[in-house]
Amino acid sequence: MTTDTTGTAARDGEPRRGGPADSPFVRACRREPGPHTPVWFMRQAGRSLPEYREIRANVPMLESCRRPELVTEITLQPVRRHGVDAAILFSDIVVPVAAAGIDLDIVPGTGPVVAEPVRTAADVERINPIGRDDVSYVDEAVRLLVAELGDTPLIGFAGAPFTLASYLVEGGPSRTHAKTKALMYGDPELWHALCARLAQVTLAFLRVQVDAGVSAVQLFDSWAGALSEADYRRYVLPHSAHVLAGLAGAGVPRIHFGVGTAELLGAMGEAGADVVGVDWRTPLDVATRRIGPDKAVQGNLDPAVLLAPWEVVESQVRRIVDQGRAAPGHVFNLGHGVLPETDPEVLTRVVALVHELSARPAA
């Protein structure tokens with residue numbers, strides 16, 4: 001007997017409910033009612049967990065992303081510990097860029113560092129197309145995870161073209177994105193060529209994950225908040241829209257998330273996602289009005305709140321659950337990733353609290 005991981009398999013030709021496609025998480029993404037508001041946390045598999053720190057000891061980040069068995073174990077850790085409603089693939093947004101031939105490393109305490117930053121058209125040409133064989137370890141990890149997770153959905157993800165471009169142009173993380181903007185404003189033709197190439201890589205990377213069985217995908221545009229709405233629409237939106245449109249027929253919900261994007265929420269919704277992630281700066285009811293009634297929202301507890309006394313955490317969770325009711329679908333999450341110093345027990349309590357506060361009577 002095989003496990004139905006799609007929720008659409010049939011016995012005797014009749015469709016039956018169940019599986020990840022009928023999970024509270026996927027239902028919320030599709031703006032359908034479910035038994036409770038689903039919860040997962042960005043960076044839920046990571047440095048806040050002692051079991052993660054133990055298994056990652058002496059294994060470089062990129063190397064850990066290329067070991068399917070290790071990826072599987074790390075991805076499963078927060079599902080076991082916290083009882084979250086979805087797992088997210090353990091990986092990094094620069095994994096497909098490295099597979100595309102860019103010489104880079106993820107330096108502890110710094111982040112991605114690019115050996116030869118992009119400056120010219122020849123540099124853009126160095127970014128090769130990728131396919132399944134180039135990231136076969138991701139394909140294998142997803143298939144292992146789908147088999148292990150059963151009815152729990154797995155989220156695949158990738159970095160959006162703007163954020164990837166920023167790393168490649170800056171040579172690493174940046175607070176100002178000055179070099180990125182200088183290229184964007186000073187040589188728009190080169191900028192769009194770079195983002196178009198990265199959009200192709202990103203879309204291919206997400207398609208590998210979808211084909212292997214993920215139940216949803218998230219497109220991270222972590223640094224888009226550094227832009228005005230006008231610049232976002234001119235220099236970024238077409239490329240993110242290309243990625244999201246390329247998955248329109250894939251049958252999985254698409255989530256789009258960025259940090260500091262309060263003024264961009266409407267435009268990000270227009271890019272084509274089914275769910276728009278909201279950071280902690282914008283209340284969810286306000287965000288819903290900006291995004292529109294045809295999108296679910298995800299978010300948006302400030303990760304730093306988790307370091308406060310429990311009564312503060314509880315109050316903020318209650319506020320977000322209440323504000324999320326204004327949206328046609330709500331996935332509870334943080335406004336960015338789990339901080340390394342977070343007590344894992346607090347995350348477990350948050351999951352239980354959200355489920356309790358949002359429990360709906362069975363139909």
Side-chain angles (χ1 to χ4, degrees), residues 20-21 23-32 34 37-45 75 84-93 142 152-164 199 202-203 205-207 209-210 213-225 236-237 239-261 264-280 282 284 287-288 290-301 320 324 327-338:
S23 64
F25 167 73
V26 172
R27 293 184 69 84
C29 290
R30 298 194 185 285
R31 309 187 306 282
E32 299 172 354
T37 298
V39 189
W40 71 278
F41 304 109
M42 287 181 279
R43 293 183 185 160
Q44 63 187 17
T75 302
V84 287
D85 292 284
I88 183 165
L89 179 70
F90 175 75
S91 188
D92 191 275
I93 64 171
V142 170
T152 301
L154 175 65
I155 304 167
F157 77 92
F162 173 79
T163 292
L164 294 178
T202 295
L203 178 55
F205 188 57
L206 289 173
R207 281 175 171 161
Q209 296 174 59
V210 170
V214 299
S215 297
V217 295
Q218 177 156 311
L219 187 66
F220 282 89
D221 211 351
S222 306
W223 309 135
V236 177
L237 178 56
H239 304 291
S240 293
H242 176 81
V243 175
L244 293 167
L247 297 169
V252 299
R254 299 155 295 169
I255 308 168
H256 197 17
F257 172 76
V259 182
T261 55
L264 308 181
L265 289 172
M268 291 182 72
E270 292 173 27
D274 306 290
V275 185
V276 177
V278 183
D279 77 4
W280 67 92
T282 309
L284 290 180
T288 294
R290 295 179 181 179
I291 296 165
D294 61 338
K295 310 284 183 185
V297 298
Q298 180 174 278
N300 67 339
L301 182 67
I320 290 165
H330 177 210
V331 176
F332 190 99
N333 207 310
L334 303 183
H336 201 196
V338 176

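Within the 4.5 Å cutoff, no side-chain heavy atoms of Ile88 are placed close to those of Met42. Side-chain atoms of His256 and Phe220, non-hydrogen and from C-beta on, never get closer than 4.5 Å to each other. Counting only heavy atoms from C-beta outward, the side chains of Ile255 and Asp274 never approach each other to under 4.5 Å. For the pair Leu203 and Leu247, the minimum side-chain heavy-atom distance is below 4.5 Å. Between His239 and Phe162, every side-chain heavy-atom pair lies at or beyond the 4.5 Å cut-off. In this structure, Arg43 and His336 have side chains that are in contact, with non-hydrogen atoms separated by less than 4.5 Å.
Judged purely by atom type and a 3.5 angstrom limit, Lys295 has no side-chain atom pairing as donor or acceptor with the backbone of Val275. Although no hydrogens or angles enter the test, the distance criterion places a donor-acceptor pair under 3.5 Å between the side chain of Ser23 and the main chain of Val26. A distance-only check finds a donor-acceptor pair linking the side chain of Asp221 to the backbone of Thr163 [under 3.5 Å]. Looking only at distances, no side-chain donor or acceptor of Asp85 sits under 3.5 Å from a matching main-chain atom of Phe25. The main-chain N or O of Pro20 is never found under 3.5 Å from a side-chain atom of Thr152 such that the two would form a donor-acceptor pair.
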field: Criterion side-chain contact (heavy atoms from CB on, under 4.5 Å) on Phe332 and Ile320, from CA distance to verdict
entry: CA-CA 8 Å; Phe332 190 99; Ile320 290 165; 3.5 Å; yes
Derivation of the side-chain contact (heavy atoms from CB on, under 4.5 Å) call for Arg290 and Thr282: CA-CA 10 Å; Arg290 295 179 181 179; Thr282 309; 4.1 Å; yes
- request: Apply side-chain contact (heavy atoms from CB on, under 4.5 Å) to Val217 and Val210, showing your working.
  value: CA-CA 8 Å; Val217 295; Val210 170; 3.9 Å; yes
- request: Using the side-chain contact (heavy atoms from CB on, under 4.5 Å) rule, take Arg254 and Leu206 through it: C-alpha gap first, then chi angles, then the decisive distance, then the call.
  value: CA-CA 10 Å; Arg254 299 155 295 169; Leu206 289 173; over 6 Å; no
